[in-house]
Structures are given as C-alpha cells and as structure tokens.
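One structure is given below, encoded as structure tokens.
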Amino acid sequence: MSTRKHYWLMKTEPTDFSIDTLEKVGREPWTGVRNYQARNFMRQMKAGDEVFVYHSNCEVPGIYGIGEVVGTPYPDPTQFNKKSKYFDPKSTQEQPRWDLVDIGYVRHLKRLLSLTEIREHRDALGEEFALTRTGSRLSVLPVTAAQWKLLLALEKK
DNA sequence: GCCAACGTTGGC
DNA sequence: GCCAACGTTGGC
C-alpha cells in the first residue's frame, strides 16, 4: 500500500457529535461505526490522512469542516460496553468486530458545502463518489485527491 | 444459499 | 414524520 496521504469523508449527526464538538475536544475516537464497508475503510486509514467532516440527519446536510486521522486503527471500546448503544454481543476482546480511528480537529470550512451544492458537481466528482450515489448510506467513504481538490475549491467561491 | 422480514440511514 | 434504499438476520 502506498504511503501517500489519503482522503476520506466521515458522517456524523450533529445532535450527537458535530464539528464544533470536535473543535472543543480537539481529538475524538470515532465510535459507533457498525457497517463492515465503513469499518474496512477505517482500517485503511493512516495518521495524517485528511477527512471531511459531514453532518447528516440535520437541517442542512453537508461538509462543515476538516479533521485528520491521528494514530492507527484500534478496536472500538464501545462494542464491549453493555451499557453502550453500540454494544455488540458478538464481539469479544480476543476477536473484536469493530475498529475505529481517532480524528483530530483541523478547521471549519470557511463556508458550508451543502449536499445540494455538492450534487451540482456530480459530473465532475464522478458516479462512483459514494456520497452522491443514490441510496448510499456509507458513513465512512473514500475521497480521491481530485475530488478533495474540487470540493475544497468550492469553499472559495 | 435463498429470500422475506425487519431494522437503520438519512434526505426531504 | 415519511419513506426509499439498503444491510442484516434467521428460517428453511
């Protein structure tokens, strides 16, 4: 695998955890991902990779800020916690099912990039972009360097 | 291995 | 709150 920096997009419900919260705490273990595809993407993450922080299930869904991967993937501790809503009875300490990474705060975007606006650039972003693919509910997804550049450029418009 | 039932995601 | 699209579960 290449050692080049990779880019990602991670969704969060702002009522639960927002870019503002991330700024406040500085660094956060990205708990609660319970989808194998999303988990597999997190397993590929390397320290220094950059991440769009996307707010879903809210008034204006879209990209609100940037974070970075800190450290390496490790088992999500909430899978072992019976009191957690993310508890998974099928997980054991010896054989954890779910991993996570810590995400550090980088910055807010200068302005919101709404899903509506992002969709206007569907052609340039490509059909395979999981965020705008119909029915895709992936909460962690890869962003190519070209897509990252394109989206960041929109910020300045 | 098939597939219906069910639960979840997330835009609107 | 609605519901389409999708993933997971479990009976067979």
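Labels below follow one simple rule: chain letters A, B, ... track the order of the sequence lines, proteins then strands, and each chain is numbered from 1.
- At a threshold of 4.0 angstrom between heavy atoms, the contacts of R133(A) with the nucleic acid are absent.
- Chain A approaches DNA chain B over the interval dG7(B) to dC12(B), counting the first and last nucleotide 5' to 3' with an atom under 4.0 Å from its heavy atoms.
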Check your understanding: Hey, mind stepping through V53(A) and Y105(A) against side-chain contact (heavy atoms from CB on, under 4.5 Å) and telling me if it holds?
Key -> CA-CA 10 Å; V53(A) 177; Y105(A) 175 77; over 6 Å; no
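- A salt bridge is absent between E120(A) and K157(A); no separation between the charged side-chain nitrogens and carboxylate oxygens falls under 4.0 Å.
- Along DNA chain C, the nucleotide closest to N57(A) and the one closest to S136(A) are compared, and the more 5′ of them pairs with N57(A).
- Ring centroid separation for the pair W98(A) and Y36(A) comes in under the 6.0 Å cut-off.
- Position along DNA chain C of the nearest nucleotide to T134(A) versus R97(A) favours T134(A) as the more 5'-ward residue.
- Taking the six-membered ring for Trp and thresholds of 30 and 60 degrees, W148(A) and F52(A) have nearly parallel ring planes, at less than 30 degrees apart.
- Two residues are said to be in side-chain contact when any heavy atoms from C-beta on lie closer than 4.5 Å; D76(A) and R34(A) meet this criterion.
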